[in-house]
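A short worksheet on the structure shown next.
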Amino acid sequence: MPAYAVFIREKLTDPAEFQKYSEVVGETFKGFPAKILAAYGKQEKLEGTEPDGVVIIEFPDAASARAWYESPAYQKAAEHRWKAGPYNVVIVDGV
């Protein structure tokens with residue numbers, strides 16, 4: 001069953017750190033079966049608090065998504081994301 005890693009950025013607070021993250025995150029997908037479905041594109045808020053940005057990444061299953069997220073390469077890249085602003089991140093199973 002496919003699973004999705006969903007990143008919801010509340011507010012960008014350090015653009016320089018986000019730029020560093022953007023420059024290195026692509027390399028973290030090597031060897032992982034991931035497909036980026038949405039990344040900081042135009043959005044339309046229908047309910048709740050409007051996020052600053054959203055990323056949705058498809059994986060074959062939740063175990064693959066977690067393996068990528070917990071990989072040393074991604075964790076190193078994520079250090080820049082953590083400094084760039086607050087995020088909510090979830091892995092959700094597809095149907």
Side-chain angles (χ1 to χ4, degrees):
M1 162 183 330
Y4 303 88
V6 181
F7 292 73
I8 301 170
R9 185 173 67 202
E10 295 176 20
K11 182 178 181 180
L12 180 62
T13 57
D14 191 332
E17 283 295 333
F18 185 73
Q19 181 61 36
K20 291 177 187 175
Y21 174 72
S22 297
E23 291 169 1
V24 298
V25 70
E27 292 293 313
T28 70
F29 291 106
K30 288 188 176 177
F32 290 95
K35 180 179 179 184
I36 299 172
L37 301 178
Y40 303 104
K42 182 180 175 185
Q43 58 191 29
E44 178 181 355
K45 179 185 81 93
L46 299 177
E47 295 184 27
T49 304
E50 184 169 9
D52 182 54
V54 177
V55 175
I56 303 170
I57 308 164
E58 182 180 56
F59 292 87
D61 51 47
S64 298
R66 181 168 287 283
W68 167 76
Y69 180 84
E70 293 177 347
S71 70
Y74 182 71
Q75 288 298 299
K76 184 174 180 179
E79 291 177 13
H80 298 293
R81 182 178 56 79
W82 298 328
K83 293 175 186 175
Y87 277 76
N88 291 305
V89 180
V90 298
I91 295 172
V92 59
D93 284 334
V95 293

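- Of all non-hydrogen atoms in Asp93 and Ala3, the two that sit nearest each other are OD1-CB, 3.9 Å.
- Considering all non-hydrogen atoms of both residues, His80 and Glu17 come closest at ND1-OE1, 2.7 Å.
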Any chance you could lay out the ring-ring contact (aromatic ring centres under 6.0 Å, His included) test for Phe18 and Tyr40, step after step, and finish with the verdict?
-> CA-CA 12 Å; Phe18 185 73; Tyr40 303 104; 5.2 Å; yes
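- Between Thr13 and Lys83, the closest heavy-atom pair is OG1-O, 4.0 Å.
- Ala5 and Phe7 get closest at one heavy-atom pair: CB-CE1, 3.9 Å.
- A salt bridge is absent between Lys76 and Glu79; no separation between the charged side-chain nitrogens and carboxylate oxygens falls under 4.0 Å.
- By the rule that hydrophobic residues join a cluster once side-chain heavy atoms approach within less than 4.5 Å of another member, Tyr87 and Tyr74 end up as members of one cluster.
- When all heavy atoms of Gln43 and Val54 are compared, the pair lying nearest together is OE1-CG2, 3.6 Å.
- In this structure, the separation between CZ on Phe29 and CZ on Phe59 is 5.5 Å, given to the nearest 0.5 Å.
- The two residues Val89 and Arg81 make their nearest non-hydrogen contact at CG2-NH1, 3.8 Å.
- Of the possible polar contacts, none joining the Glu58 side chain to the Ala34 backbone as a donor-acceptor pair under 3.5 Å is found.
- Within 6.0 Å of NZ in Lys30 there are 12 or fewer heavy atoms belonging to other residues, nucleotides or ligands.
- We find that Arg9 and Asp52 are joined by a salt bridge, their nearest charged nitrogen and carboxylate oxygen being less than 4.0 Å apart.
- The pair Glu23-Lys20 fails the salt-bridge criterion, with no side-chain N (NZ, NE, NH1 or NH2) lying under 4.0 Å from an Asp/Glu carboxylate O.
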